[in-house]
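First up is the structure itself, then whatever we jot down about it.
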Amino acid sequence: YPGMNHTGVKLLLPTDFATAYAGVSFELGSDLVDMDNPLGVLGVETNGDLRFYVEHVNSISNSNEGITHGGIKFIF
C-alpha cells in the first residue's frame with residue numbers, strides 16, 4: 001500500500017502452490033495511512049518467481065480501520 005510502513009511478525013502456512021500467513025504488526029506512521037496499533041495481517045501469496053498476492057491489514061482495536069490490497073511480485 002503506498003505510504004504504509006509497518007513491521008511485525010507473521011506465521012507462515014506454506015503449501016506446494018501458495019503460502020498463507022497471519023500476523024501482528026505495528027504501523028510506523030505515514031502521511032497516507034493512520035491506523036491504531038497493533039495491526040492484524042492476513043494474506044496469501046503464490047509460490048515461484050512470479051507471485052500474486054492479496055493481503056488485508058486491519059487495526060485490532062478499531063475494526064473500521066483496514067485496507068485490502070494485492071499485486072504481483074517478481075523474485076529474482
Inset, instruction - Evaluate the criterion side-chain contact (heavy atoms from CB on, under 4.5 Å) for residue pair Phe74 and Arg51; output intermediate values, then yes/no. - result: CA-CA 6 Å; Phe74 182 68; Arg51 300 180 182 193; over 6 Å; no
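- Under the 3.5 Å distance criterion, the side-chain polar atoms of Thr46 are matched with a main-chain donor or acceptor of Phe52.
- Within the model, atoms CG of Leu11 and CG of Leu42 stand 11.0 Å from one another, a figure rounded to the nearest 0.5 Å.
- Across Gly48 and Ile75, no two heavy atoms sit closer than the pair O-CG1, 4.0 Å.
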Inset, instruction - Please step through side-chain contact (heavy atoms from CB on, under 4.5 Å) for the pair Val54 and Val44, ending with a clear verdict. - result: CA-CA 6 Å; Val54 63; Val44 65; 3.6 Å; yes
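- Residues Glu55 and Lys10 approach most closely at OE2-NZ, 3.7 Å, considering heavy atoms.
- No side-chain donor-acceptor contact under 3.5 Å links Glu45 and Tyr21.
- Two different hydrophobic clusters hold Ile72 and Phe17 under the rule that ILVMFWY side chains link at heavy-atom gaps under 4.5 Å.
- Side-chain N or O atoms of His56 include one that pairs as donor or acceptor with a backbone N or O of Ile67 at under 3.5 Å.
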Inset, instruction - Check the pair Val24 / Leu39 against side-chain contact (heavy atoms from CB on, under 4.5 Å), numbers first and verdict last. - result: CA-CA 6 Å; Val24 176; Leu39 306 175; over 6 Å; no
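- Panel note: side chain Asn47, backbone Thr15; a donor-acceptor pair is recorded below 3.5 Å.
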Inset, instruction - Quick one: do Phe26 and His6 satisfy side-chain contact (heavy atoms from CB on, under 4.5 Å)? Show the steps, please. - result: CA-CA 5 Å; Phe26 292 88; His6 62 113; over 6 Å; no
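- Judged by distance alone, with hydrogens and angles left aside, the side-chain atoms of Ser59 form a donor-acceptor pair with the main-chain N or O of Asp36 at under 3.5 Å.
- Using modelled atom types, no side-chain atom of Glu65 and backbone atom of Asn58 make a donor-acceptor pair closer than 3.5 Å.
- Nearest heavy-atom pair, Gly40 versus Ile60, reported as atom, atom and distance to 0.1 Å: N-CG1, 3.6 Å.
- Under a hydrophobic clustering in which Ile, Leu, Val, Met, Phe, Trp and Tyr are joined whenever their side-chain heavy atoms come within less than 4.5 Å, directly or via other members, Val41 and Leu12 fall into the same cluster.
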